[in-house]
Structures are given as structure tokens and as C-alpha cells.
There are 2 protein chains.
Amino acid sequence: MATLTPKQREILEREAKILDVARPMVVREGYHGLNMDKIAEKVSYSKGTIYNHFSCKEEIIIALAVQNSAKRVQLFQKAAQFKGCSRHRMIAISAAAELFVRNYPDFFQFERILQLDSVREKTSEKRQSIIHNCEMQCMSIVAGVVRDAVASEDLELPKQFTPEKLVFGLWSLTSGAYSIAAASDALQQMGIDDPFETVRDHIAALLDGFNWQPISDQYDIDKLLKRIQKEVLNDE
Amino acid sequence: MATLTPKQREILEREAKILDVARPMVVREGYHGLNMDKIAEKVSYSKGTIYNHFSCKEEIIIALAVQNSAKRVQLFQKAAQFKGCSRHRMIAISAAAELFVRNYPDFFQFERILQLDSVREKTSEKRQSIIHNCEMQCMSIVAGVVRDAVASEDLELPKQFTPEKLVFGLWSLTSGAYSIAAASDALQQMGIDDPFETVRDHIAALLDGFNWQPISDQYDIDKLLKRIQKEVLNDE
DNA sequence: CTTCATTATTGACGGAGCGTCAAAAAAATC
DNA sequence: GATTTTTTTGACGCTCCGTCAATAATGAAG
């Protein structure tokens, strides 16, 4: 169980190689650019062998998404360990989310493709649940910080308003913004040259709206972000 | 120019018929479920005739989106005419946006498909710009209300923060939320049974965060929404 | 080392579905 | 009624997915 036979090694390496070849195809040419015959040609194995690894084209796309999905959890976990008050930890997680979008833009392209029912339908439950679990882990890290904030009385949520609802709002805001930013042309036209900065401002406003202490004018956001960068996200 | 020949009438009617047949195919079976041969069979015209109307499959999808895109502008325009303070007009527009999502969920499915570069690439500039213009009109209606708010001193934006940036935030929040809600399964799991209500709460929080007067605890949201419903959105 | 069984690889093939285009039909013009 | 123009048709070519019988490689046993 411990070590692998040469054959097993070869299979693992080949799987990685297939994905390495497929990734730029999808990134550069989108869903229709991913071509099973071309992959087979590029990795110098037959099409049948590719199908031994992935049951269909769509399965390759979700496998590419899986490759990145754990990274976000890892970044969120590190960010949540930031030493500071609850709000500052929340900011740290936002910074992690921004970093993830900047460093792994491919992931969101894969996700957009997988949003189509007719694509996702063809993918395996197994990989679907890996991605789903990563997402849920991220959400629950954020929810944890929100609960800490409530516990420490930095934040008082309205009646009936659960921490999960706040997470949903933050998640919507950021994912919506990054999705619009990717489509892009509209933003230029509106004079928004740094969407990331604007998202940060909106997160601050949203948290202020819930009166999550300390309010945004009570700390120096630039200094805070530098500290976050240095203390929990330095090696990215 | 004024009236149409019988032939021209027939062509227009046929175009509508094609879209009528295509719509449920896309809605029910997604991008892959749209099949040119099936359409031809269902409308009882040959495939070649379909291609006289639409240069490709993707063009049909964008035409379906175009069918709905003007409706949102219309709803936004009506909502912006709500008699009240700037913040209440903003709420009216949010209500219009919510109504649009509820009544025209298809539109967002088409939009998700068209977000894929490999799909949008194949569509005509003409239809792309129709949709783009509608979106821009909506944005500028919202921006107008924001500017009114600034002019009437209900709202003071931070330095460097343009009305367009606020629009971007609201747009991100709502489109992100509705997109997540459509994917759905995650929300149930988080105990969010009414995403629309949660979005409303977040919009309120965001506007509060910018200190847009009157703050949310200074008015009765339920009464306000009823008035909006009655006065500008009644016939929907 | 040889034989046999098991597993892995191959690529020709079937089939689905998009988009085309030469021929046929219909409409318009003279 | 003849001729030109426009419209319609559906068989066809093409691309690309996914399969599977045949072949090759690997491993086990004698």
C-alpha cells in the first residue's frame, strides 16, 4: 500500500500530463477548444487511454477545477488564523479570496463552464462533491469568524439573521463582482479600472452596514492589508 | 414601408415560432439540448430555412436572451419613477430587479450560457450590443438615482468613489446572489430558504454602510415594498 | 524460460449533430 | 406565359465524441 509500482507511477504521471495539456486548451479556447483527439495527440497516447482516465470531456474540465479547489481552502484557513479582532480576520479572508482570484483565474473559467447544467450533468458525483466540499469548508471558515464576532460582541446580527446569511451576502458580492470583472468590457466603460479595490470598498461598506466593530474608519486599511499579507499570505 | 407583404409577415411569424420552439428546449435541456434538426422538425420547416433566420445555434440562444432583455429596462424605468426619496427609489429598483429574476428566470440561464467565450464568440455583434445596451441602460438608471441621492445630500460618497462604483457593487451583489441561488443545493444546506429576502437585507445593509439616508431602521420596509408594488409594479 | 491469464493500449469505427449548397420550388417581374 | 429572382429543401461533408474488438504488455505459475 505504501509505495507504488512503476506502472502505478506511470498512470499517475500520465493523468497529470493529460491535465497539463488540457488546461491551456480550455483556458485559451474555452469549452469548445477542448478536443479529445488533440489531447491524445499531444500526450502521445491513444484516445482510448485518455478515456481510461476520464470518462468524458466534461470530466477533464471538472478535474482541472478540482486541481485548484483545495488551494482556496488552504488560503482561507491561513487567513482565518490572522491574529486580530474578528473584523480584521474577516478582512484577512477577503484578502485571501482576492489573492485566489488573482492567482488562479483559470478556476473561475472552469467553474463557469461547470455551471451549465448540460455540462455538470456529465461529471462524476465524486469530483462534484470534492468541489462542493471545498466550497462548504470555505463557507464554514467564514461562518466561524462571523460566529466569533457575535460571541465577542463585535457584531450583533439582526433577529433571524444567521451567520450563514451573512456569508451568503459576502460570497454573492465577491463572486458576482469577479464574474462581472471577467466579462470585463462593461467595467472599463463605467470607469472602474480597479475592480478589486472597489470590491474591498464594498465589503467594508457591507460590514459597516451590519455595524461590525471596528467600523472601517477606525483602522488603517492599507496598514492592515500589509500586515495580513506579511503574516499569513506572505508565501504566495 | 409602413405595412408588410404577406411573405414578410410569414417570415416574422416563423422567426417567432422558431424561438418559441427553441426556448423550452434550452430551458429544459440546456445548451446541449438545443438541436437544430429537432427545431426544424418541430416547426415543420427544413433546416436550411432555420439557418436563413439564425446563422448558428448560438445565435438562437442570444436571440432568446434578447427577447427578454428589454423587459428589465422597462421595469427599471418604471421603478425609478417611484415617488419618494432617493433611497426609496433605489429600493424600488431592487424590487424591480427581484421581480425580473422571478418572472424571467430563463433569461439568466441564457446569460450563463452566453458567458462562455466559446459560445458568445459565435454570436452576432448586433445582438450582443442589444443586450449590452439594455444592461447599460439599467446601470445608468441606477446611477441616476445614486446621483440624485448625492445631489439631494441623502448620500455622501467617499472621496474617489463614483456613483458607477456603487452601481457595480449592487449589481455584483444581486447577480452573484441570484446566480448562487440558481445553483441552489448549497443554500438549502446553509439554512437559507428565502434567498430573495436575504438579498434585500444585504442591499439594505450595503446602503446603510454608505450611510444613504434614510437608514433602514427609519422606515417600514414591508409597507414600502407594498407601496412600490402597488404604485409602479402592479401590473406584473 | 515458457505458458497462460490478466490487464492495458490502440485506433478504426459508429453515430450525433452542425452547417452548406446545388437543385427544386415558389414568388415576383415583365 | 416566359423569365428572373428569391426562397426552400434535405442530402451531404465534416468534426468530434465515445466505444470496443483486436492487440500488446505485464504478471503469475510451473
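Just the heavy atoms: all of them, side chains too, but no hydrogens, waters or symmetry mates, feed the values below.
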N or O in side chain of R14(A) less than 4.0 angstrom from dA8(C) OP1/OP2: no
Proximity to DNA chain D (any heavy atom under 4.0 Å), residues of residues 21-41 of chain B only: none
Ring pair (Phe, Tyr, Trp, His ring centres under 6.0 Å) involving Y178(B) - partner list, sequence neighbours excluded: F196(B)
Centroid-centroid under 6.0 Å between Y45(B) and H53(B) rings: no
Listed once per pair and sorted, the ring-ring contact (aromatic ring centres under 6.0 Å, His included) pairs that draw on residues 98-121 of chain A, sequence neighbours left out: F100(A)-Y104(A), F100(A)-F107(A), F100(A)-F108(A)
Q67(B) and R23(B) side chains, donor-acceptor separation under 3.5 Å: yes
Rounded distance (nearest 0.5 Å) linking atom CG of L64(B) with atom CG of D106(B): 8.5 Å
ring-ring contact (aromatic ring centres under 6.0 Å, His included) contacts touching residues 18-40 of chain A (sequence neighbours left out): Y31(A)-H32(B), H32(A)-Y31(B)
Within residues 42-58 of chain B: residues closer than 4.0 Å to DNA chain D (heavy atoms): Y45(B), S46(B), G48(B), T49(B), N52(B)
Partner residues of T123(A) under the side chain to side chain donor-acceptor pair (under 3.5 Å) criterion, sequence neighbours left out: Q128(A)
No-hydrogen, no-angle side-chain donor-acceptor test under 3.5 Å, E59(A) and S124(A): yes
